[in-house]
Amino acid sequence: MLRFGRAERDLIALGIAVSAILMFLGTGSSVLPQIARSWMGKGSAPDMLLVNALLLNIALIIFGWRRYAELTSEIAERRKAEERARELAETDPLTACLNRRSIGPATEALLTRAEERGEAVAFLMVDLDNFKLINDLNGHNCGDEVLRRTAERLRASLPEGGLLSRLGGDEFACAIGYDPRQPERADQIVCELIDAVAQPMKVDETPIEVTVSVGIAATIETLTDSEGKVDSARLMHKADIAMYHAKKRGRNGYSWYEPQLETDLRYRSELEAGIRRGVQNGEFVPYYEQQVDIASGELVGFEMLARWHSPDRGVVGPDIFIPVAEEIGLIAPLSEQLIGQAFDDALEWDPALTLSVNISPYQLRDPWFAQKILKLLVQHGFPAERLEIEITESCLHENIGLVFSMITSLRNQGVKISLDDFGTGYSSLSQLRALPFDRLKIDRSFVSELKDARGGTKLVNAIVSLGEGLDMPITAEGIEDAAILEALQKMGPLKGQGYHYGMPEDATSVHRRLTAMGRLVANAHDSDENDREAIGHEATEAALQRGRG
Ligand code: C2E
Ligand code: CA
Ligand code: CA
């Protein structure tokens, strides 16, 4: 408002100057000749009133003209400032490329131009692979420099007319026009771009490794999925989906958008939402697999295996939901819920029966893990001596010192620790000797080879001798039939588990089984209703296993 008021005043000044000029012309035409004549001594003195009016006129003209000149320069400056503000609003200050706000309209303009010229447009979503690490290790100044140089490298690899934008953080986007008769051109540009970024880089003498993952969506392949007009928002969305896929496939590479990726993503996000709800609603339940002394056939304990009784999906196995729960950070609460339920169930069993639970490597990253387990034991009044924790070899690659101290503090309380899926990872013999495991579980992939009478025994035999040498008892997993059992029985005093002894079953079925064996604690109850429910669950478990096979 203030600025507008000033502009108005400036216009008035201009008006005054113009009218002063007109008046000057009017008065001046009669007064000036009079003055000239009087100076030359040819006429009488000019009328003083008119002379004063003329002088006033001149003053007004000078004032008006100066104001007008100021006004013009002010307007020019204002234009420049507005231009600069617009530039600032559209540019990323760190890298001087377009920003998130401006890439959309710029891409729209590119799309229109490309359509007129019969060109295709490819949109690339470019994400640095290890930027967080670069920042954490070398500081934010170095991070900023890496972003600037990456932007330079990207800019240099783009063909003429290509757009480059930093969307924020370590995420860039590019849009390029190309000849649709040469669809391989887009691939070529992306490969060059990925190579350019990956060239060696040094910031303050520190070598920095920079790579990017790229997702591409182009107007030509996008038109085929019958959505009508392609706009910049849709292109960006598709390139984004493709970029996530590129990241998942391994870094330093690129992926094209495919409709299937979007379907997968939707499935995945529904699965995540379902798991979140399931944890809240207690839909995850423990099932139990029998563990048996293979020489005597006596039941010695159970391994708890998680199942999801999903209202939409039915009974879901852990290979579907455990990895997702790990990724979305829900594995610890989920596992603690299950372990708590399993403690309550197992308190009704013969106290001689052990309970094994599987623990994810993610849980072992928590320095409070051992305390959490001990707290659960106390809360549920479950004896530590009956609990066995199964960890896989992959846990050993993480922070071995932390794992060691957790294992030690759990063992000090009486909990036993087994190394699960032994043989599938890469634990070294020195790790095995250093870490105080109570038991090795031979992975079922080795055990299943015992089916083949001609060979297959060598590896299992070797693992059994290793266990003997290290003084670690052994459990064989995946005993599917009598032939395998027989082969194992010849190898020594082992524990075993597998479908040969029955499918994993829910708490009610286990309760029923133990009732029949007379192996419940004295006051445990049983009812016909439980039995009926149990038969139902057994049927779903059988269906689940069939589905997997
Ligand atoms: P695992 O610890 O190796 O568990 C044994 C798996 O083998 C179970 O699959 C079991 O149903 C299956 N199995 C048992 N006997 C046989 C057999 O004779 N033949 C064959 N082919 N398979 C047999 P399940 O229940 O699908 O569990 C898969 C994996 O999920 C488990 O492998 C374990 O690593 C993980 N898991 C299960 N429950 C939990 C849990 O509560 N927490 C964590 N972190 N992982 C769990
Ligand atoms: Ca296990
Ligand atoms: Ca296993």
Side-chain angles (χ1 to χ4, degrees), residues 275 278-279 283-292 294 301-309 315-327 329-343 345 354-366 369 372-373 376 387-395 416-425 437 439-451 474-485 487-488 495-506 537-538 540-549:
I275 292 172
V279 172
E283 289 163 13
F284 293 90
V285 291
Y287 272 46
Y288 300 96
E289 176 169 321
Q290 299 176 56
Q291 296 180 316
V292 175
I294 63 165
F302 289 93
E303 174 175 358
M304 188 268 279
L305 296 164
R307 296 288 180 269
W308 178 17
H309 285 182
V315 182
V316 182
D319 24 4
I320 305 283
F321 62 82
I322 295 280
V324 182
E326 287 175 338
E327 269 178 51
L330 277 185
I331 187 68
L334 171 59
S335 170
E336 284 158 32
Q337 245 180 40
L338 286 163
I339 293 174
Q341 288 182 63
F343 284 167
D345 291 338
T354 57
L355 173 71
S356 300
V357 299
N358 294 284
I359 294 298
S360 145
Y362 284 74
Q363 289 171 276
L364 289 182
R365 287 182 197 159
D366 175 5
F369 172 73
K372 285 182 175 170
I373 292 290
L376 276 173
L387 178 64
E388 268 184 41
I389 282 187
E390 299 192 357
I391 66 176
T392 54
E393 285 174 273
S394 55
C395 298
K416 299 200 180 52
I417 314 287
S418 313
L419 185 57
D420 203 0
D421 301 345
F422 181 67
T424 55
F437 289 111
R439 176 169 291 279
L440 291 182
K441 296 189 73 174
I442 311 180
D443 189 69
R444 64 173 181 268
S445 56
F446 303 113
V447 175
S448 67
E449 283 183 19
L450 298 176
K451 238 188 251 177
I474 289 199
T475 298
E477 306 182 306
I479 304 177
E480 288 185 348
D481 54 38
I484 295 179
L485 176 62
L488 284 167
K495 275 201 213 173
Q497 57 185 91
Y499 295 164
H500 178 65
Y501 298 105
M503 291 287 173
E505 45 192 19
D506 74 344
H537 284 316
E538 228 171 11
T540 45
E541 177 63 9
L544 173 71
Q545 301 293 356
R546 271 199 305 279
R548 265 201 210 115

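Ligands are counted one by one from 1 in listed order, and the atoms in each one are counted from 1 as well.
The CD1 atom of Ile339 lies 6.5 Å from the CG atom of Leu376; values are rounded to the nearest 0.5 Å.
Proximity to Asp421 (heavy-atom distance under 4.0 Å) selects the following atoms of ligand 1: 3 (O). In the vicinity of Glu303, heavy-atom distances shorter than 4.0 Å reach the ligand 1 atoms 2 (O), 4 (O). Heavy-atom proximity to Asp420, at under 4.0 Å, picks out these atoms of ligand 1: 2 (O). The contact set between ligand 1 and Pro504, taken as ligand atoms under 4.0 Å from a residue heavy atom, comprises 11 (O). Those atoms of ligand 1 with a heavy atom of Glu289 less than 4.0 angstrom away are 10 (C), 11 (O), 13 (N), 14 (C), 15 (N).
The pair Lys441-Glu303 meets the salt-bridge criterion, with a side-chain N (NZ, NE, NH1 or NH2) lying under 4.0 Å from an Asp/Glu carboxylate O.
With 3.5 Å as the limit, one finds a donor-acceptor pair spanning the side chains of Tyr288 and Asp345.
Residue contacts with ligand 1 for His500 are absent, since no atom lies close enough (heavy atoms, distance under 4.0 Å). Looking at Met503 against ligand 1, nothing comes within 4.0 Å, counting heavy atoms. Residue-level proximity to ligand 1 for Ile322 is carried by the side chain, the only part with a heavy atom below 4.0 angstrom. Heavy atoms of Glu477 found under 4.0 angstrom from ligand 1 belong exclusively to the side chain. Of the heavy atoms in Ser360, both backbone and side-chain atoms come closer than 4.0 Å to ligand 1.
Summarising the geometry of Pro286 relative to Met304, their closest heavy-atom pair is CB-CG, 3.4 Å, with the distance given to 0.1 Å. Here the closest non-hydrogen pair linking Val447 and Gly478 is CG1-O, 3.9 Å. The heavy-atom pair separating Val315 from Arg307 by the smallest distance is CG1-CD, 4.1 Å.
The shortest N or O to N or O distance between Ala306 and ligand 1 is under 3.5 Å. The N/O atoms of Glu326, backbone and side chain alike, include none that comes under 3.5 Å of an N/O atom in ligand 1. Residue-to-ligand polar distances place Arg307 within reach of ligand 1: an N/O pair is separated by less than 3.5 Å.
Nearest-heavy-atom check against atom 2 (O) of ligand 1 across Ile479, Val357, Asn358 picks out Asn358. Compare Tyr362, Tyr499, Tyr287 by their heavy atoms: the one nearest to atom 16 (C) of ligand 1 is in Tyr499.
Under the 6.0 Å cut-off for aromatic ring centres, Phe446 and Phe422 do not qualify, their centroids lying 6.0 Å or more apart.
Between Tyr287 and His309, the ring planes lie perpendicular to each other; the angle is over 60°, past the 30° to 60° tilted range.
As for Asp420, its N/O/S atom nearest the Ca ion (ligand 2) is the one called OD2.
The Ca ion (ligand 2) has no N, O or S atom of Ser418 under 3.0 Å away, backbone or side chain.
The only option from Glu477, Glu289, Arg444 that meets the side-chain hydrogen bond (donor to acceptor under 3.5 Å, both in side chains) definition with Gln497 turns out to be Glu289.
Side-chain contact between Leu450 and Leu488 is present, with heavy atoms from C-beta onward closer than 4.5 Å. Counting only heavy atoms from C-beta outward, the side chains of Gln337 and Val279 approach each other to under 4.5 Å. Using a 4.5 Å cut-off on side-chain heavy atoms (C-beta onward), Val285 and Asp506 make no contact.
For the ligand labelled ligand 1, residue Gly478 lies inside the 4.0 Å heavy-atom shell.
Glu390 contributes OE1 and Glu303 contributes OE2; the angle these two atoms make at the Ca ion (ligand 2) is 90°, rounded to 10°.
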